[in-house]
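If you're wondering where the values come from, they're calculated on a predicted model, not measured in any experiment. Counting from 1, the numbers follow the sequence of the chain as shown.
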Amino acid sequence: MWLIVFWSVFMAVFMFIGGFFMFRKFLKRLPKADGHSILDWQDHYIQKTRHLWTKQQSDLLEELVSPVPELFRDVAREKIAGKIGELALDQRADRITEDLIIRGYILATPKRDHKFLRKKLDEKEMDYSQYEQLFY
């Protein structure tokens, strides 16, 4: 009897967790007032700035995203690249720079993930003091 109760609770909890993540994805796909969803704009920024990326900058982004669990890494990479693309288009940049990558990473990720960025930048011996105001 206890096995059935345990299994029922276990299944219910995992169904709620899965439903939560599916619902979040659904909300991001809903069109906003301008007729485009958050994910549509993210894809737009990535497509418009694809030619601005160099191999070196792509490798830097890949290295900064490496602490993210592999299951979520693609989603995180796209979200960060979309924010970097948005910043690049706003500034009319002619190429993606290290500055844009770091600022885009900070702005695209929740504050709880900034410690991983700081750790990676320390490992690469990169100075991030000019971005301190963005961390808070």
Side-chain angles (χ1 to χ4, degrees):
M1 181 69 183
W2 284 107
L3 180 65
I4 294 171
V5 171
F6 173 75
W7 185 251
S8 299
V9 170
F10 179 80
M11 290 300 292
V13 166
F14 276 94
M15 285 177 55
F16 283 123
I17 291 171
F20 171 74
F21 285 108
M22 287 175 56
F23 187 68
R24 282 183 41 189
K25 186 76 166 185
F26 170 74
L27 288 178
K28 288 182 180 181
R29 270 290 167 209
L30 284 177
K32 303 296 180 202
D34 62 0
H36 298 287
S37 70
I38 293 171
L39 295 178
D40 290 340
W41 279 112
Q42 177 181 299
D43 293 341
H44 168 77
Y45 293 132
I46 291 171
Q47 291 301 323
K48 286 287 188 184
T49 58
R50 187 172 302 275
H51 67 283
L52 301 177
W53 288 84
T54 63
K55 175 75 170 130
Q56 180 184 9
Q57 303 309 337
S58 297
D59 291 344
L60 175 61
L61 177 62
E62 192 63 37
E63 190 170 341
L64 293 178
V65 176
S66 64
V68 177
E70 193 169 339
L71 181 63
F72 306 110
R73 196 171 295 155
D74 290 338
V75 174
R77 185 184 311 109
E78 287 179 10
K79 182 176 181 183
I80 295 167
K83 181 54 86 173
I84 293 167
E86 180 182 356
L87 293 172
L89 289 177
D90 288 345
Q91 294 181 3
R92 294 184 174 91
D94 56 347
R95 64 185 178 90
I96 301 296
T97 62
E98 204 173 86
D99 175 62
L100 283 171
I101 292 173
I102 295 172
R103 283 193 302 124
Y105 190 105
I106 294 169
L107 295 174
T109 56
K111 293 191 184 313
R112 68 178 179 269
D113 294 343
H114 292 169
K115 63 183 172 219
F116 300 115
L117 174 63
R118 289 176 189 249
K119 184 178 176 184
K120 268 296 180 192
L121 293 175
D122 286 337
E123 286 175 11
K124 294 184 65 61
E125 298 177 359
M126 296 172 69
D127 180 35
Y128 56 87
S129 59
Q130 64 185 0
Y131 307 104
E132 286 297 328
Q133 73 278 5
L134 294 176
F135 283 114
Y136 303 107

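With a 4.5 Å cut-off on side-chain heavy atoms, Ile96 and Leu61 do not count as touching.
Follow the hydrophobic side-chain contacts under 4.5 Å out from Trp53 and you never reach Leu89; the two are in separate clusters. There is a path of hydrophobic side-chain contacts, each under 4.5 Å, that joins Leu121 to Leu60. Phe116 and Ile106 fall into different hydrophobic clusters, where Ile, Leu, Val, Met, Phe, Trp and Tyr are joined by side-chain heavy atoms under 4.5 Å apart, directly or via other members. Under the 4.5 Å side-chain heavy-atom criterion for Ile, Leu, Val, Met, Phe, Trp and Tyr, Ile80 and Ile101 are members of the same hydrophobic cluster. Connection of Met126 to Val65 is established within a shared hydrophobic cluster, with ILVMFWY side chains joined at heavy-atom distances below 4.5 Å, either directly or through further cluster members.
In this structure, Phe20 has its ring center no closer than 6.0 Å to that of Phe16.
Phe26 belongs to a hydrophobic cluster whose other members, connected by ILVMFWY side-chain contacts under 4.5 Å either directly or through intermediates, are Phe23, Leu27, Leu30.
With sequence neighbours left out, Glu63 forms a side-chain contact (heavy atoms from CB on, under 4.5 Å) with Lys120, Lys124. Residues forming a salt bridge (Lys or Arg N to Asp or Glu O under 4.0 Å) with Glu62 (at least two apart in sequence, or on another chain): Arg77.
In this structure, the side chain of Lys79 engages the main chain of Ala108 through a donor-acceptor pair within 3.5 Å. Counting only distance, with no hydrogens or angles, the side chain of Gln133 and the backbone of Gln130 share a donor-acceptor pair below 3.5 Å.
Using the six-membered ring where Trp is involved, Phe14 and Phe10 have ring planes that are tilted, between 30° and 60° apart.
The two residues Leu134 and Arg103 have their closest heavy-atom pair at CD1-CG, 3.6 Å. Nearest heavy atom pair, residue Gln42 against residue Glu78, reads NE2-CB, 3.4 Å. Leu52 and Ala88 get closest at one heavy-atom pair: CD1-CB, 4.4 Å. Taking both residues in full, the closest heavy atoms of Asp34 and His36 are given as OD1-N, 3.0 Å, listed atom of the first, atom of the second, then distance.
Residue Arg73 places its CZ atom among more than 12 non-hydrogen atoms of other residues, nucleotides or ligands, all under 6.0 Å distant. Crowding of Gln56 atom CD: a count of heavy atoms from other residues, nucleotides or ligands under 6.0 Å not exceeding 12. Applying the 6.0 Å contact sphere to NZ of Lys55 captures no more than 12 heavy atoms from other residues, nucleotides or ligands. Annotation for Glu132: atom CD counts as buried by contact number, over 12 foreign heavy atoms lying within 6.0 Å.
A distance of 12.0 Å separates CE of Met15 from CD1 of Ile17, quoted to the nearest 0.5 Å. Lys28 NZ to Lys32 NZ: the interatomic distance, rounded to the nearest 0.5 Å, is 10.0 Å. Taking CD of Glu86 as the start and CD of Gln91 as the end, the distance is 11.0 Å to the nearest 0.5 Å. Atom NE2 of His44 sits about 5.5 Å away from atom NZ of Lys48, to the nearest 0.5 Å. Expressed to the nearest 0.5 Å, how far OH of Tyr105 lies from OH of Tyr128 amounts to 13.0 Å. Between the CG atom of Leu64 and the CD1 atom of Ile102 there is a distance of 7.0 Å, given to the nearest 0.5 Å.
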Arg29/Asp40 under side-chain contact (heavy atoms from CB on, under 4.5 Å): CA gap, chis, key distance, verdict: CA-CA 8 Å; Arg29 270 290 167 209; Asp40 290 340; 3.0 Å; yes
Pair Asp99-Tyr131, side chain to side chain donor-acceptor pair (under 3.5 Å): steps then yes or no: CA-CA 9 Å; Asp99 175 62; Tyr131 307 104; 2.7 Å; yes
Candidate pair Ser129 and Asp127, rule side chain to side chain donor-acceptor pair (under 3.5 Å), full reasoning: CA-CA 6 Å; Ser129 59; Asp127 180 35; 3.1 Å; yes
